[in-house]
Amino acid sequence: MKFYGALILFMTLSAAWGLRCYVCVGKPCKDTMTCPANFDRCTSFVLNDVVYKSCIDRSACNGPIKCCDTDLCNSAVPTGSSVLLLLVSSGILTLFL
């Protein structure tokens with residue numbers, strides 16, 4: 001029982017460890033990465049009709065550069081909690097706690 005509690009704790013901590021952003025040049029954008037320590041924003045901007053997405057420092061967010069600070073927020077499709085993930089986590093808590 002303690003193993004499952006520790007497992008849930010480590011999964012929660014790993015999700016909060018670093019900002020994840022889409023990284024690509026052009027379309028479609030499916031690659032993601034965890035941003036390095038000095039980069040605390042995801043960015044998306046268009047230059048010469050080419051879309052660029054990456055990690056960036058907050059001080060560089062100005063002008064036509066769109067910045068956001070949540071995981072995978074620089075995508076074209078809004079992201080949110082998965083209903084399946086919520087159901088699985090609720091089931092695990094119900095069974096083992």
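All residue numbers in this chain count up from 1 along the given sequence.
- Between the side chain of K53 and the main chain of N74, a donor-acceptor pair closer than 3.5 Å is present.
- The shortest non-hydrogen separation linking C21 to S54 is CB-O, 4.1 Å.
- The sulfur atoms (SG) of C35 and C42 lie 2.5 Å or more from each other.
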Open item on the list: Before you tell me yes or no, could you show the steps for D31 and Y22 under side-chain contact (heavy atoms from CB on, under 4.5 Å), namely the whole-Å CA-CA distance, both residues' side-chain angles and the distance that decides it to 0.1 Å?
Closed with: CA-CA 6 Å; D31 296 331; Y22 284 100; over 6 Å; no
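- In this structure, Y52 shares a hydrophobic cluster with V25, F45, L47, V50, I56, I65, the cluster being traced through Ile, Leu, Val, Met, Phe, Trp and Tyr side chains under 4.5 angstrom apart.
- Distance check, rounded to the nearest 0.5 Å: OG1 of T32 to CZ of R20 gives 3.5 Å.
- Residues S44 and V51 form a side-chain contact, since some pair of their non-hydrogen atoms from C-beta on lies under 4.5 Å apart.
- A ring pair (Phe, Tyr, Trp, His ring centres under 6.0 Å) check over residues 23-42, counting only residues at least two apart or in different chains, returns nothing.
- In terms of the side-chain hydrogen bond (donor to acceptor under 3.5 Å, both in side chains) criterion, T70 has no residue partners (sequence neighbours excluded).
- No side-chain heavy atom of L19 sits under 4.5 Å from any side-chain heavy atom of T34.
- Applying the side-chain hydrogen bond (donor to acceptor under 3.5 Å, both in side chains) test to pairs two or more places apart or on separate chains, those with a residue in residues 58-69 are D40-R58, D57-S59.
- Its side chain within the 4.5 Å cluster rule, M33 clusters with V23 among the Ile, Leu, Val, Met, Phe, Trp and Tyr residues.
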